[in-house]
Amino acid sequence: MSSIDNPHFVLRRLHSLLGVVPVGAFLAFHLWENSQSRFGAEHFNTEVVDALSGLNYLPFIEIGLIALPLAFHAFYGLAIIGSGRPEPLRYGYTRNWLYWLQRVSGVGLLLFILMHVAMTRIAGLMDPAIHADLFGHMRAALSNPWVFGVYLVGLWLAVLHLSNGLATAAISWGLTASAAAQRRFGWVCLGLGLLLGVIGTHGLIGYLIAPTTGIA
Amino acid sequence: MTSITSAQDRPVAALRTRGDNRARGGAPNHLISAGATPSETTAGTPQRNDPAGHARTVTLRIRRQDHPRSLPYWEQFRVRVSSGENVVSMLRKLRLDPVTSDGRRVGPVAFEHNCMEEVCGACAMLIDGRPRPSCSTLLSELGDLIQLEPLPKFPVVRDLMVDRARLFENLKRVRAWVRLDGAYDTHERAPRMSQKQWAADYLFSRCINCGVCAAACPQFPDGAGALEPQADGFVGPAALAQVRLLNAHPLGGYDKPDRLHAIMAEGGLSDCGNAQNCVRVCPKQIPLTSAIGELGRQTTVQVVKDLFGG
Ligand code: HEM
Ligand code: SF4
Ligand code: FES
């Protein structure tokens with residue numbers, strides 16, 4: 001039987017599934033957590049960073065539930081990108097542009113996530129002072145307009161990739177079978193993407209406007 | 001300049017409803033314009049076809065290629081046409097007197113057509129950069145400069161003729177047939193189908209295997225350089241739609257698991273990237289993306305059965 005003897009189908013579905021959970025779910029959670037930046041350093045460093053750092057089995061969660069699924073999704077995603085030949089200019093339909101953007105945002109995200117993890121999680125491991133005041137570290141970094149711009153682009157690429165990915169995953173799995181259902185669910189995903197994008201943008205701005213200590 | 005109708009080169013404006021390509025979004029212009037008056041539909045006879053003065057001269061840019069392995073080149077022609085004509089009838093006119101715009105007499109442009117009513121699928125090509133059947137592309141939808149290229153992704157045989165054998169290979173890969181041989185229970189009544197199912201299935205049975213959807217699909221591999229018909233890479237939207245159709249057939253349903261397993265292998269359903277160009281360009285308005293969504297659901301059920309039994 002093809003689905004057992006030949007892993008192609010199962011691998012593709014795994015790529016799709018991992019994009020939604022855990023990676024997509026983590027992205028939503030991550031944006032929610034960072035939206036609390038505007039409550040200031042004290043709240044953020046204790047209620048958000050320390051609370052998460054104190055989780056039991058944290059390395060298993062970070063590696064097994066986030067890093068490895070993301071790595072699989074990213075590298076299999078690169079292989080998928082290699083098999084396609086987008087022509088967004090010849091066929092200017094929205095879905096075709098989204099097909100192209102899904103690939104562009106995937107590559108952009110890979111670069112952004114590597115940079116982002118290096119300057120937060122890895123930097124925090126190297127230098128305990130950074131980990132102790134992650135809020136101050138991010139505030140200093142984001143005060144540079146270039147860094148802020150890169151984060152803003154990275155954020156919206158991630159949100160676009162996730163929300164468009166939810167719409168296509170629903171087709172891949174057969175949740176939205178008819179074209180009408182696909183269109184309806186597309187609007188739902190657009191709404192979800194805008195919501196996540198606003199939450200994330202709010203979080204980025206929060207780092208700059210929040211008080212350094214105390215609660216706003 | 002062709003000498004066919006160049007006697008009076010009258011400039012005319014009327015009746016050209018659309019100067020550029022057919023509307024994005026795939027409105028079936030050929031259906032709208034199919035309500036042409038009888039005098040317009042008698043194309044190909046320049047003396048008769050244009051009493052109201054709707055004739056015009058169009059410039060044709062054609063991408064030619066002499067041999068499957070030779071390099072393509074462009075040639076330009078001028079042809080006197082009337083608004084009721086289509087791209088095939090224009091090419092037939094050109095074939096009578098193939099003289100380029102700069103006056104060179106050249107070999108006739110090779111192209112394919114059979115039915116002239118959008119049911120055989122032979123005549124698909126790139127018209128002004130978009131894949132369409134040329135018999136149902138009316139000149140009234142096109143401007144004064146018309147660019148023709150062979151259907152992309154398929155090997156060129158000569159000029160506008162391509163080898164579409166790969167489409168058939170792909171139908172074979174997905175077992176797009178109903179098995180009739182073998183013993184069946186003759187005590188059962190003939191299989192029945194509801195009107196509703198019949199109406200839904202009928203949409204998929206109209207596929208003419210023209211290859212237009214494959215040409216527009218970013219996941220369908222470019223086989224233009226292949227000398228043998230390829231039987232790998234994404235099977236394309238049309239073959240998937242036939243799986244959708246035949247899985248629903250009362251007898252074809254017996255082989256549904258086999259077809260689903262065929263499209264769960266490399267090049268199958270999950271190689272679709274949901275760009276959905278197919279459904280926008282299909283001249284028969286086949287609901288290809290619904291087929292793909294329905295097959296997504298069927299394969300989800302199938303993989304659960306495979307992994308957990310049942
Ligand atoms: C924040 C991180 C990411 C999230 C939340 C995410 C999520 C998703 C989701 C939900 C899908 C839809 C799957 C489907 O259509 O069935 C998807 C598709 C895709 N992802 Fe990601 N992804 C992420 C990062 C990446 C990265 C780093 C790459 C690497 C290049 C990538 C490449 C792709 C590609 C190429 C597709 C399209 C697959 C197809 O059309 O079959 N993604 N992603
Ligand atoms: S599905 Fe439509 S575009 Fe594709 S081969 Fe059939 S008729 Fe042509
Ligand atoms: S000639 Fe048959 S489809 Fe055009």
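To find a chain, count down the sequence lines: A is the first, B the second, and so on, and within it residues start at 1. Predicted model only: the values in this text are computed from it and were never measured.
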When only pairs under 4.5 Å are counted, which of [options] shares the most heavy-atom pairs with chain A?
options: B:C272, B:P218, B:A216; answer: B:P218
options: B:T299, B:L307, B:I292; answer: B:T299
options: B:V303, B:N277, B:I263, B:D258; answer: B:N277

Of all heavy-atom pairs between B:M264 and A:F9, which one has the smallest distance, and what is that distance?
-> O-CB, 3.2 Å

Heavy-atom closest pair (A:L162 atom, A:G19 atom, distance to 0.1 Å) is CD1-O, 4.2 Å

Six-ring centre of A:Y93, B:R280 cation under 6.0 angstrom, axis tolerance 45° = yes

Picking from A:T168, A:L175, A:T176, A:V10, which has the most non-hydrogen pairs under 4.5 angstrom with chain B?
-> A:T168

Side chain / backbone / both / neither for A:I171 at chain B, heavy atoms under 4.5 Å | both

Does any heavy atom of chain B fall under 4.5 Å from the side chain of A:R12, the backbone, both, or neither of them?
-> side chain

With a 4.0 Å cut-off, would you call B:D255 and B:R179 a salt bridge?
-> yes

Are any of the side-chain nitrogens in B:R297 or B:E294 under 4.0 Å away from the carboxylate oxygens of its partner?
-> no

Contact list for residues 205-224 of chain B, test side-chain hydrogen bond (donor to acceptor under 3.5 Å, both in side chains), sequence neighbours left out = A:R85-B:D222, A:Y99-B:Q219

Tell me the residues of residues 239-247 of chain B whose non-hydrogen atoms fall below 4.5 Å from those of chain A, in number order.
-> none

